[in-house]
Amino acid sequence: MEHAARMLRDLDFGHYAASLAIPKAHRGAVQSLWAFAADVAAIRERVSEPAPGEIRLQWWVDALEGEGHGTVRANPVAAALLDTVDHHGLPAGPLLRLLAARRFDLFDDPMPDMDQFEGYAGETISVLYQYAAMMLSGDTAEAAADASGHLGVAHALAGHVRAFGFNASRGQIYLPLSVFSAHGVREVDILSGTPGPEIDAALAQLREIAGDHLAKAKAQIGALSANVRPAFASTALVEQLLRAESRRTGPDVFAIPAEIPAFKRLVAVFCWMVRQ
């Protein structure tokens with residue numbers, strides 16, 4: 001579990017910070033799940049073409065489906081994940097769907113529309129919050145499903161608005177192309193890094209949609225039992241991301257922004273915990 005915590009801290013400090021809101025009795029299990037997701041999300045950065053990435057995704061599929069556990073458990077993150085799944089009786093289906101959704105990362109096809117984006121966000125991020133809620137509640141946490149869904153979409157939108165320039169520089173469009181098209185922005189405008197008021201307007205609309213999802217998530221989280229709410233500490237980090245992005249327009253949207261300092265993210269999570 002300690003290796004998984006370190007990997008999560010290194011690959012996805014935001015989710016690591018949020019995991020510190022989880023009570024110690026369940027923190028290691030949640031961190032193992034989120035470390036797995038972070039490792040899968042980083043596959044694109046480690047490969048130069050899709051084939052090796054697909055091999056890595058299949059390795060995780062085999063691990064979850066029970067093939068080759070002897071060698072799989074030599075990977076400490078995989079061992080921690082499998083222990084968590086077994087101990088908490090978590091269904092493997094959503095994790096397999098997460099792996100299938102991450103195939104999108106390996107190719108350069110643009111995200112077509114908001115429906116597709118919401119599906120992608122649900123399968124890659126919302127599932128992380130739902131699983132955390134399940135572990136904290138000890139049951140299926142059906143009451144947390146809406147909160148998980150909305151927070152996952154808000155988090156994905158905020159993150160990809162922030163990574164918009166970086167992704168465009170490597171030929172990827174994660175944000176819904178239909179939103180840009182509605183503002184008169186062409187795919188070539190994005191990939192060439194051409195700023196303009198049309199792109200600003202499209203990104204502003206996407207931030208507004210993220211804010212709407214975040215507001216719905218917060219309303220749902222407030223109605224949950226106190227023992228489940230720590231699963232949603234990332235709410236504070238999504239708010240932080242949206243505030244930071246509201247100031248970027250023009251050529252700045254294609255620049256790669258500096259990381260939000262770790263201490264600011266930790267403070268945001270701590271303040272969120274105090275308010276609960």
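This one's a predicted model, so the numbers in the text were calculated from it and none came from an experiment.
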Handout entry: Gln276 CD: over 12 foreign heavy atoms closer than 6.0 Å
Key = yes

Practice task
Check for a donor-acceptor pair, side chain of Asp113 on one end and backbone N or O of Ser178 on the other, with a separation under 3.5 Å.
Solution key: no

Problem - Donor-acceptor under 3.5 Å (Arg265 side chain, Leu237 main chain) - result: no

Problem - Within-4.5 Å side-chain heavy-atom neighbours: Ile22 and Pro230 - result: yes

Completion exercise
Nearest heavy-atom contact between Arg27 and Leu20 is NH2-O, 3.3 Å

Practice task
Applying side-chain hydrogen bond (donor to acceptor under 3.5 Å, both in side chains), name anything that partners Ser19, two or more places apart in sequence or on another chain.
Solution key: Gln31

Problem - Evaluation steps, side-chain contact (heavy atoms from CB on, under 4.5 Å), between Arg186 and Asp189 - result: CA-CA 5 Å; Arg186 301 169 301 167; Asp189 298 327; 2.8 Å; yes

Problem - Separation between CE of Met134 and NE2 of His26, rounded to the nearest 0.5 Å - result: 13.0 Å

Exercise for the section: Check whether any side-chain heavy atom of Asp200 sits under 4.5 Å from a side-chain heavy atom of His183, and report yes or no. Expected result: no

Problem - Approximate separation, where rounding is to 0.5 Å, of Ile173 CD1 and Asp109 CG - result: 10.5 Å

Handout entry: Val47 vs Ile55 side-chain heavy atoms within contact, under 4.5 Å
Key = no

Practice task
Taking all non-hydrogen atoms of both residues into account, name the closest pair between Asp108 and Gly171 and its distance.
Solution key: CB-O, 3.6 Å

Handout entry: Qualifying residues under side-chain hydrogen bond (donor to acceptor under 3.5 Å, both in side chains), relative to Asp12, sequence neighbours excluded
Key = His15

Problem - Between Asp115 and Tyr120, a side-chain donor and acceptor under 3.5 Å - result: no

Donor-acceptor pairs under 3.5 angstrom involving side-chain atoms of residues 147-162: please list them, not counting sequence neighbours.
from, atom 1, to, atom 2, distance (Å)
Ser148, OG, Gln130, N, 3.3
Ser148, OG, Gln130, OE1, 3.0
Ser148, OG, Ala144, O, 2.9
His150, ND1, His213, ND1, 3.0
His155, ND1, Tyr129, OH, 2.6
Arg162, NH1, Glu245, OE2, 2.7
Arg162, NH2, Ala258, O, 2.7

Handout entry: Evaluation steps, side-chain contact (heavy atoms from CB on, under 4.5 Å), between Val61 and Leu96
Key = CA-CA 6 Å; Val61 169; Leu96 294 172; 4.1 Å; yes

Problem - Shared hydrophobic cluster for Tyr16 and Val238 (ILVMFWY, side-chain gaps under 4.5 Å) - result: yes

Exercise for the section: Might you point out which heavy atoms bring Trp59 and Ala78 nearest each other, and give the distance in Å? Expected result: CH2-CB, 3.8 Å

Completion exercise
CG (Leu95) and CG (Leu90) are apart, to the nearest 0.5 Å, by 7.5 Å

Exercise for the section: Could you tell me whether the side chain of Phe13 reaches within less than 4.5 Å of the side chain of Leu8, counting heavy atoms only? Expected result: no

Problem - Which atom of Ser246 lies closest to which atom of Arg243, heavy atoms considered - result: OG-O, 2.7 Å

Problem - side-chain contact (heavy atoms from CB on, under 4.5 Å) assessment of Leu57 paired with Arg103 - result: CA-CA 8 Å; Leu57 289 174; Arg103 289 192 70 253; 3.8 Å; yes

Practice task
Give a yes or no on whether a salt bridge exists between Glu45 and Arg170, defined as a side-chain N under 4.0 angstrom from a carboxylate O.
Solution key: yes

Handout entry: For Phe36, all residues meeting ring-ring contact (aromatic ring centres under 6.0 Å, His included), sequence neighbours excluded
Key = Trp60

Problem - For Leu128 against Trp34, the heavy-atom pair lying closest together - result: O-NE1, 3.2 Å

Problem - Pro23 side chain reached by Leu136 side chain, heavy atoms, under 4.5 Å - result: yes

Practice task
Hey, could you give me the CG/CD distance between Leu242 and Glu208, rounded to the nearest 0.5 Å?
Solution key: 11.5 Å

Exercise for the section: Using the ring pair (Phe, Tyr, Trp, His ring centres under 6.0 Å) rule, collect all pairs that involve residues 224-264, keeping only residues at least two apart or in two chains. Expected result: Phe164-Phe254

Handout entry: Val267-Leu241 co-clustered via ILVMFWY side chain contacts under 4.5 Å
Key = no

Handout entry: Donor-acceptor pair, side chain of Trp272 and main chain of Ser234, under 3.5 angstrom
Key = no

Handout entry: Heavy-atom side-chain proximity of Leu206 to Phe117 below 4.5 angstrom
Key = no

Handout entry: Hydrophobic cluster (4.5 angstrom, side-chain heavy atoms) - remaining members for Phe270
Key = Val274

Practice task
Following the transitive rule for hydrophobic clusters with a side-chain heavy-atom cut-off under 4.5 Å over Ile, Leu, Val, Met, Phe, Trp and Tyr, establish whether Leu175 and Leu214 coincide in one cluster.
Solution key: no

Practice task
Using a strict 4.0 Å threshold on nitrogen-to-oxygen distance, state whether Glu123 and Arg102 make a salt bridge.
Solution key: no

Problem - Interatomic distance, Leu106 atom CG to Arg44 atom CZ [nearest 0.5 angstrom] - result: 7.5 Å

Problem - Residues Val185, Thr194; criterion side-chain contact (heavy atoms from CB on, under 4.5 Å); working and verdict - result: CA-CA 10 Å; Val185 178; Thr194 305; over 6 Å; no

Practice task
Say whether, by atom type as modelled, one donor and one acceptor occur between the side chain of Asp86 and the main chain of Asp83 under 3.5 angstrom.
Solution key: no

Exercise for the section: Provide the closest heavy-atom pair for Ala63 versus Leu82 in the form atom of the first, atom of the second, distance. Expected result: O-CD2, 3.6 Å

Exercise for the section: Taking Arg248 for its side chain and Asp252 for its backbone only, find out whether a donor-acceptor pair lies under 3.5 Å. Expected result: yes

Handout entry: SB check Asp39 Arg46 (cutoff 4.0 Å)
Key = yes

Practice task
Report yes if the side chains of Ile260 and Gln240 come closer than 4.5 Å at any heavy-atom pair, otherwise no.
Solution key: yes

Problem - Ala92 backbone acceptor or donor facing Glu65 side chain under 3.5 Å - result: no

Exercise for the section: Side-chain contact test, heavy atoms from C-beta onward, threshold under 4.5 Å: evaluate it for Val30 versus Thr84 and give yes or no. Expected result: no

Problem - From OG (Ser32) to CD (Glu2), nearest 0.5 Å - result: 13.0 Å

